[in-house]
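Heavy-atom basis, side chains included; hydrogens, waters and symmetry copies ignored. Remember, it's a predicted structure, so these values are computed and weren't measured experimentally. Starting from 1, each residue takes its place in the sequence as its number.
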Amino acid sequence: MVLDPARCALVVIDPQVDFLTPQGVAWSLVGESVTENGVVDNLDRLFAAAKRAGVVVAVSPHYYYPTDHEWDFGGASEKLMHDICMFDRSSPVSMDGFENSGADYLPQFKPYILDGKTIICSPHKVYGPESNDLVLQLRKKGISQVVLAGMAANLCVESHLRELMEQGFEVAVVRDATAGPRTPEGDGYLAAMINFRYLASALWTTGQVVDKLAA
């Protein structure tokens, strides 16, 4: 994959408090992996490099509204997210209680995300972008390459990777700007890395992406 800034976008998935800080409700599951990979600092470096290079930046967030908690069924991780009130917002049309909540963006990312230029997509609801407007937003900007980062590796990142590739995008995953949960069943990050190697057009480090964008 040869990065072309004229047609590439940085897409960051779920850069939110519940995943990326010790105050987040998912920290007990993902915190070790986030810390070991330096995910927060690496996402900061990616945001900054993309802004310097003038490439498109998009965020694909995860929100749950009160009506979402009334779903009749869901998978294991969906049930967990609902049980621990992960990414909860009070309403789809109100920002009451959003600031500094688990659904909010990390404060250090806000200058990048809220600069009036970053595309903030509608929320994805399970794992992939099929239920939000990410693909539409990228198509409308003439994007055909995606640099993918964010959370969580074996869930939303892998689901975004698979769908974006099915939609005809060339996709690179940033291996040290993502992390995964660790449970008795195994390490979600390591599981995702296996599939990233099989599926992605490229598997880069943050440093490699920064250098490519600077060039």
Taking side chain as C-beta onward, heavy atoms only, is Arg182 less than 4.5 Å from Val30? no
Using the rule given for side chain to side chain donor-acceptor pair (under 3.5 Å), can you reason through Asp176 versus Thr206, listing the C-alpha separation, both sets of side-chain angles and the distance that settles it, and then say yes or no? CA-CA 6 Å; Asp176 56 357; Thr206 298; 2.7 Å; yes
Same apolar cluster (I L V M F W Y, side chains within < 4.5 Å links), Leu134/Ile120: no
May I ask you to test the Thr178-Val39 pair for a side-chain heavy-atom distance under 4.5 Å? no
Following the transitive rule for hydrophobic clusters with a side-chain heavy-atom cut-off under 4.5 Å over Ile, Leu, Val, Met, Phe, Trp and Tyr, establish whether Val40 and Val59 coincide in one cluster. yes
Do you know which two heavy atoms are closest between Ser90 and Asp96, and how far apart they sit? OG-O, 3.1 Å
Roughly how far, to the nearest 0.5 Å, is the CG atom of Asn195 from the CG atom of Leu190? 12.0 Å
Gln208 vs Asp211, test: side-chain contact (heavy atoms from CB on, under 4.5 Å). Steps then yes/no. CA-CA 5 Å; Gln208 288 175 308; Asp211 289 346; 5.8 Å; no
Between CG on residue Leu80 and OG1 on residue Thr183, distance to nearest 0.5 Å: 10.5 Å
Using 4.0 Å as the upper bound for N to carboxylate O, is an ion pair formed by Glu166 and Arg162? no
Measuring only between side-chain heavy atoms, which start at C-beta, is Tyr64 closer than 4.5 Å to Trp71? yes
So which heavy atom on Pro123 is nearest to which on Asn132, and how close? O-CB, 3.4 Å
CD of Glu99: more than 12 outside heavy atoms within 6.0 angstrom? no
side-chain contact (heavy atoms from CB on, under 4.5 Å) between Lys141 and Arg7, worked out: CA-CA 8 Å; Lys141 298 291 286 186; Arg7 59 187 183 93; over 6 Å; no
Please check if the side chain of Thr118 supplies one atom and the backbone of Tyr112 the other of a donor-acceptor pair under 3.5 Å. yes
Please determine whether a side-chain nitrogen of the Lys or Arg among Lys51 and Asp115 lies less than 4.0 Å from a carboxylate oxygen of the Asp or Glu. yes
Are Val126 and Glu78 close enough that some pair of their side-chain heavy atoms sits under 4.5 Å apart? yes
Over all heavy atoms of both residues, which pair between Val171 and Met1 is shortest? Give the atoms and the distance, please. C-SD, 4.0 Å
Quick one: does Val157's side chain get under 4.5 Å of Leu161's, heavy atoms only? no
Hey, any chance Val11 and Leu199 share a hydrophobic cluster, counting ILVMFWY side chains that come within less than 4.5 Å of each other, even indirectly? yes
Would you please test Val147 and Leu3 for side-chain contact (heavy atoms from CB on, under 4.5 Å) and show each step? CA-CA 9 Å; Val147 176; Leu3 198 65; 3.8 Å; yes
Is any side-chain heavy atom of Ile143 closer than 4.5 Å to a side-chain heavy atom of Cys8? no
When rounded to the nearest 0.5 Å, the distance separating OG of Ser60 from NE2 of His160 is 3.0 Å
Assigning hydrophobic clusters by single linkage (Ile, Leu, Val, Met, Phe, Trp, Tyr; side-chain heavy-atom cutoff under 4.5 Å), is Met165 placed with Trp204? no
Just by modelled atom types, is the Val2 backbone N or O under 3.5 Å from a matching donor or acceptor in the Gln145 side chain? yes
Could you tell me whether a side-chain N or O of Ser159 sits under 3.5 Å from a main-chain N or O of Leu155, the two making a donor and an acceptor? yes
Apply side chain to side chain donor-acceptor pair (under 3.5 Å) to the pair His69 and Asp88, showing each step before the final yes or no. CA-CA 10 Å; His69 289 285; Asp88 270 9; 2.8 Å; yes
Could you walk me through whether Asp68 and Tyr63 pass side chain to side chain donor-acceptor pair (under 3.5 Å), step by step? CA-CA 9 Å; Asp68 298 329; Tyr63 303 134; over 6 Å; no
With the side chain counted from C-beta on, respond yes when Met193 and Asn154 share a heavy-atom pair under 4.5 Å apart, and no when they do not. no
Quick check against the 3.5 Å criterion: does Gln16 have a side-chain atom that pairs as donor or acceptor with the backbone of Leu106? no
Would a distance-only check, ignoring hydrogens and angles, find a side-chain to backbone donor-acceptor pair under 3.5 Å from Asn42 to Gly38? yes
Test side-chain contact (heavy atoms from CB on, under 4.5 Å) on Asp18 and Gln23 and set out the steps. CA-CA 7 Å; Asp18 271 342; Gln23 293 73 43; over 6 Å; no
NZ/NE/NH1/NH2 to OD/OE distance under 4.0 Å, Arg45 and Asp41: no
Report yes if some heavy atom in the side chain of Trp27 is under 4.5 Å from a heavy atom in the side chain of Val34; otherwise report no. yes
Distance in Å, Leu43 CG paired with Asp14 CG, rounded so as to fall on 0.5 Å steps: 11.0 Å
For the pair Lys125 and Glu130, find out whether any cationic side-chain nitrogen is under 4.0 Å from an anionic carboxylate oxygen. no
Atom OG in Ser144, atom CG in Leu138: separation rounded to 0.5 Å? 10.0 Å
cation_pi(Arg175, Tyr189) dist<6.0 Å, angle<=45: no
Honestly, is Arg89 close enough over Tyr65, meaning NZ or CZ under 6.0 Å from the six-membered ring centre and within 45° of the axis? no
Find out if a path of hydrophobic residues (ILVMFWY) with successive side-chain heavy-atom gaps under 4.5 Å connects Val55 to Val210. no
To the nearest 0.5 angstrom, please state how far the SG atom of Cys156 sits from the CZ atom of Phe19. 6.0 Å
Would you call the rings of Phe47 and Phe109 parallel, tilted or perpendicular, taking 30° and 60° as the class edges? tilted
Of all heavy-atom pairs linking Gly102 and Phe87, the shortest is O-CD2, 4.2 Å
All heavy atoms of Leu10 vs all of Leu46, minimum pair found to be CD2-O, 3.6 Å
For the residue pair His124 and Pro61, what are the closest heavy atoms and their distance? ND1-O, 2.8 Å
